[in-house]
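One structure is given below, encoded as C-alpha cells.
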Amino acid sequence: MTVHIGSIAPDFTQESTEGTIKFHDWIGNSWAVLFSHPKDFTPVCTTELGMVAKIKPEFEKRNVKVIALSVDDVASHKKWLSDIEQTQNAKMNYPILGDPDRKVSKLYDMIHPEANDTLTVRSVFIIDPNKKVRLTLTYPAATGRNFDEILRVIDSLQLTDKHSVATPANWKDGGDCVILPSITDPKVIADKFPKGHKELRPYLRMTPQPNK
Ligand code: BEZ
C-alpha cells in the first residue's frame, strides 16, 4: 500500500524506547511527525535526533508529537541514546521505534530497494489529528533533513486549514499569503480579508496573514 497525502496513516503497534506504541492511540488529538533513519550509530542520524530533541518545544507549541524510527531494535537504540545526548548536547525526550521486523518500514514504504534493500531512507510523514497524512518527504541517507522546513510546513497546514489562503514560495509564519482562487465574490473577500489584498492577476491575490 502506498501512503499518499490524504491517506489515513497506517496504524501499528510497535516497541519503542518509551515502551509499546499503539500509533493512532499515541497520536490522540495531536498532530504527529513520524521520521525514519537508516540505522543506529550513524553520524547524520545522530545529529538529526539531537536536533529534534532540542527543538521539541517548537513542535509542542504547535500541538505536534514527534516519533523517530530506525530499523535496529530498541536495545540498540537505548545504547545509542547516550551518544546522541553527549555529542549533540541534547536530552532525548521523544520515542524512537525499533523496527527489526521492518513492520512499520514496510507499512510506510520506507525501504527503497534501489537505494538500499535493508535500510530505510529518511522519510517524513506529517499526520493530522484525524490521522490523515498531510505531507510526505523522502531524503537520501547522506542528506540530513532541515527540521525548520518541517515546522514551516506545519505552520502552513495549520493556517490553511483554518483560513481561505494558501502560502506562497518560501513563505514563513507572518508572511503574506495567497487568497484561494476559489474565492471570487468581492463581498466574501472583503469579509474574510479585512486587512485588504493586492490583485497582481485575477488568480494571484496577496493578503496579509489573516491570523496575525
Ligand atoms: C548517517 O546517518 O550518517 C548515514 C546513514 C547511512 C548512510 C550514510 C549516512
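In each ligand, atom 1 is the first atom listed, and ligand 1 is the first ligand listed. Scope of the values below: all heavy atoms of this structure, side chains included, with no hydrogens, waters or symmetry mates.
With no hydrogens or angles considered, no side-chain donor-acceptor pair links N63 and Q158 at under 3.5 Å. Residues Q209 and D176 bring no donor and acceptor atom of their side chains to less than 3.5 Å of each other. No hydrogens or angles considered: nothing links the side chains of S16 and W26 as a donor-acceptor pair under 3.5 Å.
A salt bridge links D161 with R134: the distance from a Lys NZ or Arg NE/NH1/NH2 to an Asp or Glu carboxylate oxygen falls below 4.0 Å. Ion pairing between K65 and E60 fails under the 4.0 Å rule for side-chain N and carboxylate O.
The protein heavy atom nearest to atom 4 (C) of ligand 1 is R122 NH2, 3.6 Å.
Of the listed residues (A141, P43, S70), the one carrying the non-hydrogen atom nearest atom 8 (C) of ligand 1 is A141.
Taking distance alone, with nitrogen or oxygen atoms compared against 3.5 Å, V44 approaches ligand 1 more closely than that limit. The shortest N or O to N or O distance between C45 and ligand 1 is below 3.5 Å.
Contacts between E48 and ligand 1 below 4.0 angstrom, taking non-hydrogen atoms only, are absent altogether.
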